[in-house]
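Heads up: the structure comes next, in structure tokens.
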There are 2 protein chains.
Amino acid sequence: MSAHIFVVEDEKPILTLLTYNLEKEGYKVSSSSNGEEALSVIKEKKPDLVLLDWMLPDLSGIKICQYLKQDEKVKNIPIIMLTAKGEEEDKVKGLNTGAEDYMTKPFSFPELLARIKSLLKRVKPNIVSEEATYLDLKIDRESMKVFRKEKEISLGPKEYKLLDFLIKQPKRVYSREQLLEHVWGDDINVESRTVDVHITRLRQSINIEGAKPLIRTVRSAGYSLEN
Amino acid sequence: MSAHIFVVEDEKPILTLLTYNLEKEGYKVSSSSNGEEALSVIKEKKPDLVLLDWMLPDLSGIKICQYLKQDEKVKNIPIIMLTAKGEEEDKVKGLNTGAEDYMTKPFSFPELLARIKSLLKRVKPNIVSEEATYLDLKIDRESMKVFRKEKEISLGPKEYKLLDFLIKQPKRVYSREQLLEHVWGDDINVESRTVDVHITRLRQSINIEGAKPLIRTVRSAGYSLEN
DNA sequence: GAGTAATGTTACAGATTTGTTAAATATTTA
DNA sequence: TAAATATTTAACAAATCTGTAACATTACTC
């Protein structure tokens with residue numbers, strides 16, 4: 001799965017270099033040198049990451065960053081701001097606006113690459129695909145159906161949500177608090193032990209005969225989707 | 001939690017001044033005026049930031065920077081290069097090598113401080129690695145699993161925490177009190193001898209057949225992860 | 001509005017982990 | 001070498017954590 005990186009940059013040589021190098025690394029790259037345009041394209045295309053120049057002819061990078069971070073639908077897209085080396089003030093301002101990272105030009109490409117990878121890894125859970133599988137377990141988000149070994153399984157809404165969340169990063173251990181936050185969300189006036197009960201219910205549904213149990217308990221830590 | 005800054009500088013007056021000022025700001029400072037030594041200490045101690053002089057008697061700063069940036073395990077540690085020359089060439093060379101920032105001597109301390117703060121803020125979140133290894137021992141914090149020689153090892157919660165802490169700085173010796181403080185944390189109404197028991201339990205788990213024992217006892221001092 | 005489904009809470013049994021103690025070993029010192 | 005000091009480890013009781021059934025409450029469906 002190659003990530004899609006959107007570059008907002010009006011300096012041609014830099015844009016060319018970035019595009020060339022990123023594509024060589026296997027990323028899908030698109031770009032714009034116009035702020036207004038960039039804003040609308042980002043909202044429409046939802047890239048996995050944005051490289052954003054500080055100074056743009058029409059709309060400053062920091063403004064764009066602000067707009068994006070205020071929009072529910074795209075606020076999770078990580079942004080790396082690019083600025084000409086110099087003003088300390090700008091750096092702080094950029095980071096305070098919500099940019100995930102900040103690099104000053106000229107920068108080393110390997111370093112940029114490292115930061116991109118690190119950011120993508122951190123944000124991965126937010127990138128949802130229509131279908132997710134783990135071993136013989138499959139979840140189709142379009143039809144909201146779950147299958148184990150090709151056999152459809154019926155889950156209650158909460159169990160579905162729980163599985164939907166866990167399968168985003170199989171093997172990762174989540175604490176009860178994290179699960180409450182992400183699966184229950186809004187009203188966290190719920191006992192953390194309630195998670196246990198729903199885990200039990202989810203287990204009873206997905207652990208069908210002749211297939212390995214799929215939820216791991218990590219004592220004093222939480223649960224993960226794994227066998 | 002104060003950051004640890006490592007200074008590589010052979011000019012005594014500058015080193016003294018830097019150390020004094022940085023410590024006054026609450027940073028933990030260590031240093032070396034020997035390039036080779038600095039390189040190995042940095043790899044071992046993994047400071048949060050490195051101040052690196054351009055010219056050193058044995059090994060140039062830029063070489064050190066290159067070495068560090070090529071090493072997966074320390075490439076994320078930010079480096080600020082310090083140089084007497086103001087030449088643009090050197091700056092570019094320094095930055096291309098991967099240094100995060102660059103200052104020419106004589107520099108204003110407040111400015112240096114600002115840069116340090118900015119860098120630490122920017123890089124800190126990226127250096128909490130999900131994986132740590134020491135020799136043939138590996139700990140994956142995402143799945144909370146521990147491996148020795150590729151074989152999974154199961155640890156109790158406290159043993160896991162203990163190992164998780166020890167592996168952050170292998171070879172470093174921690175007193176029982178330090179371990180209690182960092183691993184037990186809140187309720188320190190625990191006998192310091194209890195640490196011994198958990199060390200024993202950890203040993204019994206990770207010291208599998210055909211692999212070197214991995215925990216060193218330092219009599220009347222404490223323990224370290226080391227063989 | 002009755003019936004059904006889903007959710008959250010609680011209680012309790014069972015399992016695992018933890019801290020303490022004491023005896024056995026090991027190491028240093030005099 | 002004996003005494004003093006420090007560490008290892010087994011054993012056990014206490015504390016903590018988890019799984020699940022049962023039940024009350026709330027939300028949905030027809």
Side-chain angles (χ1 to χ4, degrees), chain A residues 144-146 152-166 173-208 212-227, chain B residues 144-146 152-166 173-208 212-227:
Chain A
M144 304 212 354
K145 282 182 176 172
V146 176
E152 189 181 343
I153 280 166
S154 104
L155 295 180
K158 197 115 290 175
E159 277 71 68
Y160 177 84
K161 268 188 153 183
L162 188 52
L163 179 63
D164 182 21
F165 179 69
L166 288 173
V173 177
Y174 295 99
S175 70
R176 291 178 177 74
E177 283 64 34
Q178 285 176 310
L179 292 173
L180 280 177
E181 187 186 327
H182 288 105
V183 178
W184 274 253
D186 43 340
D187 75 301
I188 317 200
N189 28 11
V190 166
E191 297 291 323
S192 78
R193 292 300 314 276
T194 298
V195 173
D196 298 25
V197 179
H198 284 278
I199 287 284
T200 297
R201 289 170 183 161
L202 180 55
R203 274 183 173 135
Q204 286 168 347
S205 300
I206 66 173
N207 287 341
I208 61 173
K212 285 183 184 169
L214 273 193
I215 292 180
R216 180 164 80 112
T217 300
V218 181
R219 195 160 225 260
S220 87
Y223 299 95
S224 69
L225 182 66
E226 180 170 12
N227 66 45
Chain B
M144 302 188 69
K145 283 182 174 176
V146 175
E152 189 183 342
I153 281 167
S154 109
L155 296 181
K158 197 116 286 171
E159 277 72 68
Y160 177 85
K161 269 189 161 178
L162 187 53
L163 178 63
D164 183 20
F165 179 69
L166 288 173
V173 177
Y174 295 98
S175 70
R176 293 178 177 75
E177 284 64 34
Q178 285 176 308
L179 292 173
L180 280 177
E181 187 186 327
H182 287 105
V183 177
W184 274 252
D186 42 341
D187 76 298
I188 318 198
N189 29 8
V190 166
E191 298 290 323
S192 79
R193 297 261 111 225
T194 298
V195 174
D196 300 23
V197 179
H198 283 279
I199 288 285
T200 296
R201 287 171 182 159
L202 182 55
R203 275 184 173 132
Q204 286 169 347
S205 298
I206 66 173
N207 288 340
I208 62 174
K212 285 183 185 170
L214 273 194
I215 293 180
R216 182 164 80 108
T217 301
V218 181
R219 192 161 228 260
S220 82
Y223 299 95
S224 69
L225 181 66
E226 181 170 10
N227 67 42

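A note on names: the letters A, B, ... follow the listed sequences, proteins ahead of strands, and every chain is numbered from 1. If you're wondering where the values come from, they're calculated on a predicted model, not measured in any experiment.
Remark: A:Trp184 is not in phosphate contact with C:dT7, judged by side-chain N or O atoms under 4.0 Å from OP1 or OP2. Contact between the side-chain N/O atoms of B:Ser220 and the OP1/OP2 oxygens of C:dT28 is not found at any separation under 4.0 Å. A sub-4.0 Å separation between OP1 or OP2 of C:dT7 and a side-chain N or O of A:Tyr160 is absent. A sub-4.0 Å separation between OP1 or OP2 of C:dT9 and a side-chain N or O of A:Thr194 is present. A sub-4.0 Å separation between OP1 or OP2 of D:dA6 and a side-chain N or O of B:Tyr223 is absent. Taking 4.0 angstrom as the limit, B:Arg193 places a side-chain polar atom (N or O) nearer than this to OP1 or OP2 of D:dT7. Residue A:Gln204 places no side-chain N or O under 4.0 Å from the OP1 or OP2 atom of D:dT20.
Ion pair A:Glu226/A:Arg216 flagged as a salt bridge, since at least one NZ, NE, NH1 or NH2 atom sits closer than 4.0 Å to an Asp/Glu carboxylate oxygen. Using a 4.0 Å cut-off between charged nitrogen and carboxylate oxygen, B:Lys161 and B:Asp164 do not count as a salt-bridge pair.
Here D:dC17 presents its C1' atom at 8 Å from CZ of A:Arg176, a figure rounded to the nearest Å. One can place CD of B:Glu191 at 16 Å from C1' of D:dA6, the figure rounded to the nearest angstrom. Note: NZ (A:Lys158) to C1' (D:dT26) measures 12 Å, nearest angstrom. At whole-Å resolution of the value, CD in A:Glu177 and C1' in D:dC17 are 13 Å apart. Rounded to an integer number of Å, the gap from CG of B:Asn189 to P of C:dT18 is 15 Å. Summarising the geometry, the separation between CG on B:Asp196 and P on C:dA26 is reported as 16 Å, rounded to the nearest angstrom. Rounded to an integer number of Å, the gap from CD1 of A:Ile215 to C1' of D:dT20 is 15 Å. Across the protein-nucleic acid pair, B:His198 atom NE2 and D:dT7 atom P stand 17 Å apart, rounded to whole Å.
Scanning atom types as modelled, no donor and acceptor separated by under 3.5 angstrom connect the side chain of A:Arg201 and the base of D:dG19.
Checking D:dT18, C:dT20, C:dT18 against the side-chain heavy atoms of A:Thr217 singles out D:dT18 as nearest. Nearest to the side-chain atoms of B:Pro157 among the listed nucleotides D:dA6, C:dT18, D:dT18 stands C:dT18. Closest to the side chain of B:Arg219, out of D:dT16, C:dT7, C:dA26, is C:dA26.
Residue order along DNA chain D, read from the 5' end via each residue's closest nucleotide, puts B:Arg203 first among B:Arg203 and A:Thr200.
Between B:Leu166 and B:Ser224 the shortest side-chain heavy-atom distance does not fall below 4.5 Å.
Results of the side-chain hydrogen bond (donor to acceptor under 3.5 Å, both in side chains) test with A:Tyr223 over A:Gln178, A:Arg176, A:Arg203, A:His198 single out A:Arg176 as the only residue that passes.
Using cut-offs of 30° and 60° for the angle between ring planes, the A:Phe165 and A:His182 rings count as parallel.
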